[in-house]
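Small disclaimer: the values here were computed from a predicted structure and weren't measured. Chain letters run A, B, ... following the sequence lines, proteins first and then strands; every chain starts at 1.
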Amino acid sequence: MTTPLFALVDVNNFYVSCERVFQPKLEDVPMVVLSNNDGCAVARSAEVKALGVKMATPWFKLKDLAKEHGIVAYSSNYTLYGDMSSRVVEVLKKFTPNLEVYSIDESFLAIETVLKHYPDASHLGHLMKQTVKDTTGLPVCVGIGASKTLAKLANHLAKKHPQFAGVCDVESMPKAELYQWMTETEVGEVWGIGKRIAKKLHLLNIYSVFDLLQTSPQSLRQQFGVVMERLCYELRGVSCLQLEEVTPAKQQIVSSRSFGKPVSSMSELAESVATHVARGAEKLRSQHSVAGALTIFIQTNPFKPHEPQRHQSVVVPLADPSDNTLTLTTAAIEGLKQIYCSGFKYKKAGVMFSLLADKPTVQQSLFDDVAAKGKSAGLMKALDSINGRFGNTVLRTAAAGTKQDWVMRSGNRSPNYTTRWDELPVVQ
DNA sequence: TCTGGGGTCCTAGGACCC
DNA sequence: TCTGGGGTCCTAGGACCC
């Protein structure tokens, strides 16, 4: 068996680059792409990044800087980005079918099996880069390494340092050179190390990627858990994370959105919730799942701490798991009624589908089973079975012998919900 | 005035069972 | 009345990713 070799292909400033493909005059113009309601900058061009603008900076905070440097802002067009994304994947699949679509702008490729057709991995990387550019117009960087984490790191180097010309293969590099790069790269840049962990690592005098690589995986496991241990092995070139070529079905599906202007009335919230249910249900059906429960949540504006804050959510278990928009909407609106409180300015609403299953008949038959047996001899066994498979929300529903059972949570601030569990009476 | 929208995995502690 | 161990599952919360 050949040792694995991963390539990570990542589009530079993806949304910005998509816009530029269709408007070449924007090339070299400092620009950002804005989130829903034109709230935040969710993509920044190289020029804007160079000005120190962070991801998700609110546009209104950028206006002065924008004036000064001529930054242009575009509203996002996710249909376009989704389409461009699949085009890139199609191009990459021609190099190897062993590909994992990691995000809208990134794919991992297993390249050890196709390497024989090329002079070396770096050559292959450059070919990928050029082909994507020629076919889609999008600029990418390629990172190559013996583990996914190393491929990620290589990609980071390729992006940051012009001498790599967009392709970095850490495996072909002399070890001394690689360690030099690792010494110069902050530990927080490693895939899987965020702000919090980086801070804790600093306390242990681990500042660079190389520092981390040298730390014993066992001691990292003790202090940080298995994820960090695995990560350390990955940095040492021991591949622990495999390519996931088949995209697994989602375990939860969320649809939520901030309002442009705060809303207070039940009718406006209901309209929004209904829209989210419809969107979510569509996603649900597209992956052939049914939801066993749904969560409805509404929130006030956390950026206005002086205004009364309210973050509420309710979980509505469904006795009959469903993907039906009408059924789900009815349940959602009932839930909304439970949590709605007038007198607040709500800024965000959404719906989450959970307890997803692709075999609704199994769950239903178990439920019927319990109902038929009553709360007696065979009950515990049946409940155990349900508990094991579908979680205790469904279990409680079954145990109560009711069709619906509500679980309420409410609180004042996110994310510190002051959780209050109320088993409300059945709503018919 | 205006502040994104999705997701995942892991762990600790409690409930519950035998 | 007090005392037990092993195991599984759940929830909440924390951390991360793009």
Side-chain angles (χ1 to χ4, degrees), chain A residues 8 10-11 13-15 32-43 54-63 73 75-76 78 81-82 85 101-107 148-149 152 155 188-201 221 223-231 241 244 247-262 276 279-280 283 297 299-305 313 315 345 347-356 380-381 383-396 399 407 409 411 414-419 421:
Chain A
L8 176 67
D10 185 322
V11 182
N13 320 320
F14 183 53
Y15 299 165
V32 294
V33 172
L34 301 176
S35 66
N36 177 55
N37 294 325
D38 293 342
C40 296
V42 290
K54 300 274 178 256
M55 178 70 169
T57 305
W59 175 235
F60 75 88
K61 285 190 179 173
L62 282 179
K63 289 220 168 127
S75 299
S76 40
Y78 291 102
Y81 310 147
S85 175
V101 179
Y102 177 67
S103 77
I104 193 164
D105 70 333
E106 285 173 74
S107 290
K148 281 180 160 183
T149 306
K152 266 277 195 187
N155 190 283
E189 300 290 350
V190 175
W191 187 37
I193 296 187
K195 272 188 192 153
R196 312 285 173 99
I197 305 242
K199 230 178 202 174
K200 284 190 195 169
L201 288 171
R221 182 186 188 128
Q223 295 181 67
F224 298 93
V226 290
V227 180
M228 275 292 276
E229 182 194 24
R230 203 166 54 200
L231 199 150
L241 301 167
E244 285 177 31
T247 313
K250 299 214 186 316
Q251 300 175 35
Q252 55 178 227
I253 289 173
V254 178
S255 174
S256 72
R257 196 125 300 173
S258 299
F259 299 116
K261 284 180 186 168
H276 288 304
R279 264 187 18 120
K283 294 187 198 173
F297 53 91
Q299 300 171 358
T300 50
N301 190 343
F303 294 102
K304 295 192 169 173
S313 70
V315 182
K345 293 180 182 172
K347 186 62 183 163
K348 185 176 181 178
V351 170
M352 178 174 90
F353 294 130
S354 55
L355 293 179
L356 305 189
M380 284 324 299
K381 214 175 169 187
L383 286 184
D384 263 354
S385 166
I386 289 180
N387 193 22
R389 291 195 209 195
F390 303 109
N392 108 342
T393 311
V394 176
L395 181 143
R396 278 200 306 274
V407 184
R409 296 171 201 172
S414 179
N416 303 318
Y417 292 108
T418 46
T419 305
W421 295 90

Problem - Under-4.0 Å side-chain N/O to phosphate OP1/OP2 contact, A/Lys348 with B/dT3 - result: no
Exercise for the section: Tell me what A/Val190 touches on the nucleic acid: a base, only sugar-phosphate, or nothing, going by heavy atoms under 4.0 Å. Expected result: sugar-phosphate
Completion exercise
Rounded to whole Å, the NZ-P distance (A/Lys347 to B/dC2) equals 6 Å
Practice task
Mind calculating the distance between CZ (A/Arg279) and C1' (B/dG6) to the nearest angstrom?
Solution key: 9 Å
Handout entry: Nearest-Å distance for atom pair CH2/P, residues A/Trp59 and B/dT3
Key = 15 Å
Handout entry: Span that lies between the C1' atom of C/dG4 and that of B/dC16, in whole angstrom
Key = 15 Å
Problem - Euclidean distance, A/Glu106 CD relative to A/Asp10 CG, rounded to 0.5 Å - result: 4.0 Å
Problem - C/dC17 and B/dT3, which share atom name P, separated by this distance in whole Å - result: 26 Å
Practice task
Tell me what A/Ser255 touches on the nucleic acid: a base, only sugar-phosphate, or nothing, going by heavy atoms under 4.0 Å.
Solution key: sugar-phosphate
Practice task
Could you tell me which nucleotide pairs with B/dC18 by Watson-Crick or G-U wobble geometry, both distances under 3.5 Å, or answer none if nothing does?
Solution key: C/dG5
Fill in the blank from the handout: In whole angstroms, the gap separating C1' of B/dT3 from CG of A/Leu62 amounts to 11 Å
Fill in the blank from the handout: Ranking B/dG5, B/dG4, B/dT3 by distance to the side chain of A/Met55, first place goes to B/dG4
Problem - Rounded distance (Å) that lies between atom C1' of B/dT1 and atom CZ of A/Phe303 - result: 15 Å
Problem - Out of B/dT3, C/dC16, B/dG5, whichever nucleotide has its closest atom nearest the side chain of A/Cys40 - result: B/dT3
